[in-house]
Amino acid sequence: EAQVTQNPRYLITVTGKKLTVTCSQNMNHEYMSWYRQDPGLGLRQIYYSMNVEVTDKGDVPEGYKVSRKEKRNFPLILESPSPNQTSLYFCASSDIGGLRDHEQFFGPGTRLTVL
Amino acid sequence: AQTVTQSQPEMSVQEAETVTLSCTYDTSESDYYLFWYKQPPSRQMILVIRQEAYKQQNATENRFSVNFQKAAKSFSLKISDSQLGDAAMYFCAYRRDDKIIFGKGTRLHILP
């Protein structure tokens, strides 16, 4: 089954404790992206990747890191989480050949709470 | 910079009636894509419909259709014969190459 998986689905942590949210897709998509969703703000792009070893900042990259060592995986790293990073996070992937007409496939979301 | 605006934070519609969700965007590009995503209480993001800017014909998917007005930069979603399962948050999104921007969403309530 074609899908994007994220782990963990729920996470409660404390300020400053490094964490990683994993994202994996099995559709051989070149493009992958991370978003955060906050009430009243919609989805905002954190980072995206056009291919292996190619990553770029989105609209809200501060406090986050990503890596793209393999095509299928695109982990989101919070080196020193803070309470303002409490949010719902989505990973998404899509093709790039017809980049402009391919929908994004979303993971199920990760609910992160930073105390 | 591109922006996407959904001016209705919440809307309600009677079951079986028709409702229209509005979306406007700002871009200087002529070639791009527009999407409507549905997010039910499960939080899963589900593609409802998409529109290629170079196509004049409005996209339709069963009970869902769009009114795409390129000159006005407007992309509204019409849901016909509303059903209880249509209750969700709806997001309008713009995509041009690697740039993807979402609106803030409209929460749709279906009244039985």
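In what follows, chains are A, B, ... by sequence order, proteins preceding strands, each numbered from 1.
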Look at the side-chain heavy atoms of Ile, Leu, Val, Met, Phe, Trp and Tyr, link any pair under 4.5 Å apart, and say whether A/Tyr48 and B/Leu47 land in one connected group.
yes

Under 4.5 Å from any heavy atom of chain A - which part of B/Gln39:
side chain

Hydrophobic clusters here meaning ILVMFWY residues chained together by side-chain heavy-atom distances under 4.5 Å, can you tell me if A/Phe74 and A/Leu11 are in one?
yes

Determine, using the 4.5 Å side-chain heavy-atom cutoff (strictly less than), whether B/Val13 and B/Val66 are members of one ILVMFWY cluster.
yes

Within the 4.5 Å heavy-atom criterion, are A/Gln104 and B/Tyr37 side-chain neighbours or not?
yes

Compare every heavy atom of B/Phe35 with every heavy atom of A/Glu103, then report the nearest pair and how far apart it is.
CA-CE2, 4.2 Å

Answer yes if B/Tyr32 and B/Ile49 sit in the same cluster of Ile, Leu, Val, Met, Phe, Trp and Tyr residues linked by side chain heavy atoms under 4.5 Å apart, and no otherwise.
yes

Considering non-hydrogen atoms only, spot the tightest contact between B/Phe102 and A/Leu43 and give its length.
CB-O, 3.6 Å

If you count heavy-atom pairs under 4.5 Å with chain A, which of B/Met89, B/Lys99, B/Arg43, B/Gln44 comes out on top?
B/Arg43

Does A/Tyr35 share a hydrophobic cluster with A/Leu78, counting links as ILVMFWY side-chain heavy atoms below 4.5 Å and allowing steps through other members?
no

Using a cut-off of under 4.5 Å on heavy-atom pairs, state which of A/Gly40, A/Ser33, A/Gly109, A/Pro39 scores highest against chain B.
A/Gly40

